[in-house]
Structure formats: structure tokens, C-alpha cells
Amino acid sequence: MKNTKVYIGILLAAMGIMTLTCAGAGEALYPAVDGKLWGYINSENQWVIPPSSADRPDYAYGDVRLYNWLTEEWTDARGNRYTQEEMMDPARWGITEINGQPVWRCSSERFGDNWLVACYVEGANRQRNTPMGYVLMDEDLHRLSDDIYLEFYMAEDKRHAIVTLEENAQSGCLIDEGGTILRKGLPLGCLSADGRVVSRRKDWETLYFDAYDGTQLDERKAAEIHAENCPEGLWPCEITISDQQAAQETGNMDWSSPGLSDSNTRTYFVYVDGEGNIAKYLGLFQEAGEFANGYAAVKTEDGQRVIINTEGKVILEDVSIVNGHWYGAPDMNDGWAAMIVFGQGKMVREGCNYFNAEGRTLYPEHCLYSAEPFFEGRALIGVLMEDYSLVYAQIDPEGNVVWAEDGVDVKKLQMQLDQGSCSCIADMTAEDAQELLRGEWVCQGGGQHLTEIRKEDGTWSVPLKDDGTWSIRRTMPEDYGYSGYDFVFVEIYHDENGNEKAVEMELTIWHRDCFTISFGEGSSRYARQASRADERWWYWQPEEGENEN
């Protein structure tokens, strides 16, 4: 049994006391929730940005801001507050004109530690809602240079970009986050996170260029350049080979064939090293992700999704999804990588967990509802309690709870985690699900598939009553159309002739306060009036006296 670490912030939260502090430059900030709103806390569990956002934010350092959808205000880690209109007001940025034309609106996003400000002017640009140009400003809203960028292609790491400085330019410049021009005469397109490869789409094909000299690259050469710049020296690359060639032993294959006369070919993924050689010892894969911290997620020829190391050794088998998506690096931070696991033919979600380089999981079973990657010694987790309510907490790399939202019994939560005994929607019976969904629900958006009633306050609700008009059944193996869902929702209604009809809809229960109905190509989302939203969906809750029109 691990020793639970309960920090002062939890005790203060339990006492209803909220402390605020100002974030230092580069200080690690962690998303935390209070009631229905999210904010940021620091490593001492002190609130840096008070709860003000309906959407769960990402991990951040001291240069972050949150949007409060109730007050329509932004709040940053310095304690500054400003409205959406103020954020869009050119006067806030000190920009009155650009290229001789008056600016009527601005928008902004982070570029490294600075601001990239898009400027919109009257006329055709206003009608198309496209910016006339972009400028760079520092944290104190001072212009970093007099340059005006007409096109801006930001790199994945938001530290470099390909830009143009002249109208109708046929080539671009590589700049860093401070606006320093590093190279000129480059093709226009997206820049890789390592700053070495430019890519752009043309006629449904991706073209690659060297960001150093602008020469065009084939996919294998682009993979070679990436491999040179990643710690593992390996990069995934697609190749097309004949069935006959694929059937041979990997070590004896002729990978150098530039063309294939055999029309029976198929596409595989391989890994290329920094010299352009294919790592034959790793083999062929249906899918292959980037290496990170020495490990990569791959899908083998027989359809198994596994984690391998740089020697090709499988360290974890039957991994369905890593870090919330399949095609990507495991992001093994602080020694652990997050994963989502599906059972029953990889269609039913069993839960989440963390694994390390030895393939060991952090907790018994897959007892987490959600698991975010570790960041600066902490990870945000979601857990379903015994009543299927969703609570959030933060853990350290030893699996100890270091913060939990107000009202959570930390000792009980820690015991559940250590025993791997947390609730799982996939374990519910149809009777349990029907009992759970009884009551009043509000449609959050979508096709509004269930029979709804307009209330006096202008909102629409769905009363799920035990009157025989609805029921839930579990999906069966033969339910081909429902194979990705635990349950099927059955609603009874009467047609225009008074005949009783039944319609079956796909049902996904996220937790006790949120579910989704899917039918045909549409879906609707429902939440209890007194609940906060599931992290997947934005939840509108009217204030007292406010109507939705």
C-alpha cells in the first residue's frame, strides 16, 4: 500500500478556502477543477488562475490564460482580466493600422513565449474573415520587430515558422519565436517540430522539402533527416513492396528496389535511420508511430498493437490506444506513458492506466476513467467512483494522490487505485444503466434524438421515467451495427396513426451525469441539470432568470 500524500491545498479546499498566487516565469501549472469550472494550480496546490473555464485546459507553464464562458473574460497567470472584446480590440495591442489600412479587429495565439497577433482590416479581408497580416509581440505587448508577415505557417512546437514578408511571395523565410530570420528562399508549407522538413499538400500528395536549402525530398529522405534529429535515430516511413517480397524473411529482403513490376503490392511501415538505411531488424508494420524516450507504438502484421523499444523487443502487448490516440509516440514522461485499453475485440472501453519501460502498469487492472500524460512530476486522472460519478485528481510518478477536487475522500480514492477496484461502465448491466439514467436530462447539443419537453425557463429537458416508454439493453456479439457501444437505447413512441413504434439508438454512458445517443449519422449529448460536463463536451448551464432562445 502506498503512502497517500495529502498537501495543504487539499485541506484548504476541504475547508472551503481558496488561495491564489501569481505564477512565476516558466513555473509548471496543472489543470484543476472546482465544481464545474477549471483553473490552474501550482506544485504547492495553490490556485494560480482561479476556476473560470468550462473546458479542461492543458498543462502549461507561467504564460497561460483561461476563458470564462460565464463572464466572457480572459484571466492570465499574472492576475490580469480582460474581455473577449478587449482581446479583439486593436487598441489593446497598440495596432491602429497595417500596410496603410486601419485595423478593425485582432486575434492572437501563443508563439513560443510571445504573441502572434493577426490583424484584420476593412474590405475584402473582412468579408473573407482573413487577416491582412501578422505581427509578433512580447509578453508586455511590445512589437518584437517591424516585420509584417502576410502568411504564417507555424511549426508543431510553436517555436519556429515559415513566413512571407511580401505580397504574392513564391518563397518563405524561416523565423524563430523572436522573429529572427534564420533562412530565406524556402518553400511555403508546414514545418516539422524539429525545424528540418517543410511539407505541403498538392494534388492530394504530400511534398517534402529540406528547410535548410529548400530542395525537394522523397519520403524516405525526409525520414532520414528526421532520424538525424531525434534521439533514437529512427523514423517511421511508408514503403510499397510486392507480396512476394513481403513474404520473405525480413533480413533477406531487398529494400532498395526503386520500382516494382509485380502489381500485387502492399504498403508497410518501416523505420529509417539517420543514414537512410531501413532498420530491417525491426521488421514490417501495418502502422508505426514515432519513437519517444526509446519506445514506439506499432501495429504488427498480424494486427496486434504493441509497444516496442529501439531493439524491436515488445515491452507491452495488446495496447489499444496510447495517450488518447493510436498513431503517435508513447510520451513516456516521468517514466510512465498513458494508455487506454479496450476489451471484447477492442470495441469496449475497459479503462486507462500507465505503463513503464519494463511493461509494468502503475495500477492493478485498468481502473482509471481517463489518464493524461505526466508533466513535471504530475498527471491528471479521472476516476469513476462507486456511484459512477466522475472525479478528478492528480498523482505523482509513484501513483500517490497529491491533489483531488473538493469533496473527494482522498484515502478512499487512493485505496481504490491501489486495489484497481474503481468502477467501470463496461461492467454495468442493462438494469444498472436504466436505473442510473432515470431522471431529468438536458440536451447539450446535436440532433436531439430523444423526446424532449420545453420547460418554463426556456430550456429543453428529457424526463426518463419508468413508464415503459424507454429501456436499455446490452449489445450482443451479433449486433454488428452496435459493436462499438456497450448499450442500446430503445424508445417507444406512437406514429401519426397512433401505432406504437420502437426505435433503437446507440448509447454511450460517460458517467452518471453524461451520456450520448447516436442514431444514423447524428448524435445528441445529454447531461443532468445540476452536473458539470463530461470533459468531452461543452455544457451550457443557464444562469437564474436566463433563457436559451
Side-chain angles (χ1 to χ4, degrees), residues 2 28-33 38 40-41 43 55-60 156 193 232 287-299 304-309 314-343 346 348-384 390-405 413-414 416-418 420-426 510-511 534-536:
K2 304 178 181 69
L29 301 179
Y30 309 91
V33 68
W38 290 87
Y40 278 105
I41 61 175
S43 59
D55 300 314
R56 175 169 54 83
D58 295 326
Y59 300 114
E156 299 168 18
E232 292 79 9
E287 298 177 21
E290 300 171 16
F291 272 94
N293 301 303
Y295 306 95
V298 299
K299 185 176 182 181
Q304 294 297 309
R305 288 174 168 172
V306 301
I307 304 296
I308 63 171
N309 61 16
V314 175
I315 67 164
L316 193 67
E317 296 181 346
D318 198 26
V319 179
S320 295
I321 298 182
V322 178
N323 293 333
H325 63 280
W326 167 246
Y327 198 87
D331 287 343
M332 194 169 286
N333 303 323
D334 294 308
W336 298 99
M339 63 178 178
I340 303 174
V341 177
F342 286 76
K346 296 185 175 61
V348 178
R349 177 188 174 116
E350 289 186 348
C352 301
N353 210 331
Y354 295 89
F355 68 91
N356 64 8
E358 288 73 40
R360 182 173 64 86
T361 56
L362 183 58
Y363 297 115
E365 304 300 329
H366 305 303
C367 60
L368 304 177
Y369 175 87
S370 62
E372 296 300 311
F374 272 89
F375 171 79
E376 298 289 357
R378 289 191 178 197
L380 179 70
I381 61 171
V383 182
L384 287 182
L390 175 63
V391 302
Y392 287 96
Q394 292 174 11
I395 58 173
D396 64 17
E398 284 72 48
N400 299 311
V401 177
V402 296
W403 175 89
E405 62 176 298
L413 174 60
Q414 186 73 59
Q416 286 186 320
L417 296 175
D418 293 338
S421 59
C422 300
S423 303
C424 178
I425 296 295
W510 301 111
H511 51 80
D534 177 86
E535 70 269 17
R536 287 173 171 76

Are the side chain of Tyr295 and the backbone N or O of Ile307 linked by a donor-acceptor pair below 3.5 Å?
no
Decide yes or no for Ile395 and Tyr363: does some side-chain heavy atom of the first lie under 4.5 Å from some side-chain heavy atom of the second?
yes
With distance as the sole test, does Arg378 use its side chain to make a donor-acceptor pair with the main-chain N or O of Ser43 at under 3.5 Å?
yes
Minimum heavy-atom separation for Tyr59 to Leu380, with atom names?
OH-N, 2.8 Å
For Glu372, is there any backbone N or O sitting under 3.5 Å from a side-chain donor or acceptor partner on Tyr354?
yes
Smallest separation among heavy atoms of Asn353 and Leu362, with atom names
OD1-N, 3.6 Å
Test side chain to side chain contact (heavy atoms under 4.5 Å, CB included) on Leu29 and Ile41; report intermediate values, then the result.
CA-CA 6 Å; Leu29 301 179; Ile41 61 175; over 6 Å; no
More than 12 heavy atoms of other groups within 6.0 Å of Glu317 CD:
no
Tyr392 side chain reached by Ser370 side chain, heavy atoms, under 4.5 Å:
yes
Keeping Asn293 on the side-chain end and Met332 on the backbone end, is there a donor-acceptor pair under 3.5 Å?
yes
Looking only at heavy atoms, what is the nearest atom pair of Gln414 and Val401, with distance?
OE1-N, 2.8 Å
Using modelled atom types only, decide if a donor and an acceptor are shared between the side chain of Asn356 and the backbone of Gly335 within a distance under 3.5 Å.
no
Heavy-atom side-chain contact between Val306 and Leu316 under 4.5 Å
no
Are the side chains of Asp396 and Asp334 in touch, meaning some heavy atoms are under 4.5 Å apart?
no
About how many Å separate NE2 of His366 and CE of Met339, when rounded to the nearest 0.5 Å?
5.0 Å
Considering all heavy atoms of both residues, which atom of Ser421 and which atom of Cys367 are nearest to each other, and what is their separation?
N-CB, 4.4 Å
Are any side-chain N or O atoms of Gln416 and backbone N or O atoms of Cys422, one a donor and one an acceptor, separated by less than 3.5 Å?
no
Measure across Leu390 and Glu405 and return the closest heavy-atom pair with its distance rounded to 0.1 Å.
O-OE2, 4.0 Å
In terms of ring plane angle, is the pair Tyr30 and Phe375 parallel, tilted or perpendicular, where the classes change at 30° and 60°?
perpendicular
Provide the closest heavy-atom pair for Pro373 versus Ala338 in the form atom of the first, atom of the second, distance.
N-CB, 4.2 Å
Indicate yes or no for a side-chain donor-acceptor contact from Gln394 to the backbone of Pro31 under 3.5 Å, with no hydrogens or angles considered.
yes
